[in-house]
Amino acid sequence: MARPTGCVPWTVAELLAHVRTGAGRLTDMLAAPAPTGALIDAAGYFGAAKFTPEVDAARIEAARIEAAGAESDRIEAARGAAHAEAGRIEAAGAASARAEAAPVEAARAEAAPVEAARVDVARVEGAPGGAVRAGDGRVEGGEESFDSGGTRRGVGVGADFDRAWRAAFAAVEAYPPERVVRTRHDDAMTVTEFLRTRVVEVGVHGLDLAAALDRPPWLTTPASRVIADLLTGGRSLPAELGWDRLTLIAKLTGRTPCSLAEQAALARVGLPLLAFGR
């Protein structure tokens, strides 16, 4: 999780935290009143003016803070699990001890009348008596808790990402596609157009994470189509480029540099100028 990524200066954990935040944005956006005014599309969302150095710096710091909180919760959860396991082992040991002692206790119970008589005789004769003592084990359980931001304590970033996108999906299902939401840049967008930006965020950063973790890059076919269409503005690229969709996405988002010849070919097409920040 501490590995560096191509999204400098983020580590894997910090990039995951950023992706989790992005995937869950619609939950709060849909809970707010629908804005009025001019609408922008997904390409407008990635306009260069939106990703100023100040906005980018705030986004970097937010992901670092969230990742640090998730790591702290992970350590806390590991400690809790260790304590619970120790308690389970202790309880199992106590149960085993009780099982082993059962035949002895049964024999003692059967011999109790004889022992009582012997004690009485001992009292008369001045002989000393004795006692038997037993113990038990106990396991305490805990409940799942959430912090003020809705993030589950004791849950890693990956698991919380799963919760975030499922909550966003459930929120989207409750509204029509033309429902309008307000973005963090104070723009109004339809849910459909904003969802296109979420596919870009999760898909492209998924490629970043794959590269950082030395994993083969991949995208689902629908996701690659959505991203490629947004990057090209629906235009066809020159056949001479010979790019598949993964290569196209890597090249047009700056993950892989374009050669001079490729730059010249793209200039003839007139692709939209998009900015992605982080």
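Residues R255 and C7 meet the side-chain proximity criterion, which asks for heavy atoms closer than 4.5 Å. Within the 4.5 Å cutoff, the side chain of T232 has no heavy atoms near those of the V269 side chain. Within the 4.5 Å cutoff, the side chain of Y45 has no heavy atoms near those of the R196 side chain. In this structure, L230 and V199 have side chains that are not in contact, with every pair of non-hydrogen atoms separated by 4.5 Å or more. Contact annotation: the side chain of D41 never approaches that of M189 to less than 4.5 Å [non-hydrogen atoms, C-beta and beyond].
In terms of heavy-atom proximity, M29 sits nearest to T183 at CE-CA, 3.9 Å. Listed here is the closest heavy atom pair of P216 and A210: O-CB, 4.1 Å. P4 and A212 get closest at one heavy-atom pair: O-CB, 3.5 Å. Minimum interatomic distance between T27 and A167 (heavy atoms only, all atoms of both residues): OG1-C, 3.6 Å. Scanning both residues, P35 and V180, for their nearest heavy atoms gives CD-O, 3.4 Å. Minimum interatomic distance between L241 and A265 (heavy atoms only, all atoms of both residues): CD2-CB, 4.0 Å.
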>> Go through it in stages, so that I can follow the logic: the residues are V200 and T253, the test is side-chain contact (heavy atoms from CB on, under 4.5 Å), and I'd like the CA-CA distance, side-chain angles, deciding distance and then a yes or no.
In response: CA-CA 10 Å; V200 173; T253 59; over 6 Å; no

>> Go through it in stages, so that I can follow the logic: the residues are L252 and W243, the test is side-chain contact (heavy atoms from CB on, under 4.5 Å), and I'd like the CA-CA distance, side-chain angles, deciding distance and then a yes or no.
In response: CA-CA 11 Å; L252 296 188; W243 293 345; 4.2 Å; yes

> side-chain contact (heavy atoms from CB on, under 4.5 Å) between V226 and L195: does it pass, once the steps are laid out?
Replying inline: CA-CA 10 Å; V226 169; L195 281 172; over 6 Å; no

> Could you go step by step and tell me if M1 and L16 meet the side-chain contact (heavy atoms from CB on, under 4.5 Å) rule?
Replying inline: CA-CA 9 Å; M1 297 291 278; L16 273 171; 3.7 Å; yes

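Scanning for side chain to side chain contact (heavy atoms under 4.5 Å, CB included) contacts around D214 gives R3, with sequence neighbours left out. With sequence neighbours excluded, the residues satisfying side chain to side chain donor-acceptor pair (under 3.5 Å) with T247 are D244.
Here the straight-line distance linking atom NZ of K251 with atom CG of L246 works out to 13.0 Å at 0.5 Å rounding. Between atom NE2 of residue H205 and atom OG1 of residue T5 there is a gap of 8.5 Å, rounded to the nearest 0.5 Å. Here the CG atom belonging to L26 is positioned 11.0 Å from the OH atom belonging to Y175, to the nearest 0.5 angstrom. The line from NE2 of H185 to CD1 of I40 is 8.0 Å long, rounded to the nearest 0.5 Å.
Taking a cutoff of 4.0 Å between a charged side-chain nitrogen and a carboxylate oxygen, D187 and R182 do not qualify as a salt bridge. The pair R225-D229 does not meet the salt-bridge criterion, since no charged nitrogen lies less than 4.0 angstrom from a carboxylate oxygen. Under 4.0 Å is where a charged nitrogen must lie from a carboxylate oxygen, and between E240 and R268 at least one such pair does.
Linking Ile, Leu, Val, Met, Phe, Trp and Tyr whenever their side-chain heavy atoms come within less than 4.5 Å leaves L39 and V191 in two separate clusters. Hydrophobic clustering keeps I249 apart from W218 (ILVMFWY residues linked when any side-chain heavy atoms are closer than 4.5 Å, directly or through intermediates).
The neighbour count for R235 CZ, taken as heavy atoms of other residues, nucleotides or ligands under 6.0 Å away, is above 12.
A cation-pi arrangement is absent between R166 and F169 under the rule of less than 6.0 angstrom and at most 45 degrees off the ring axis.
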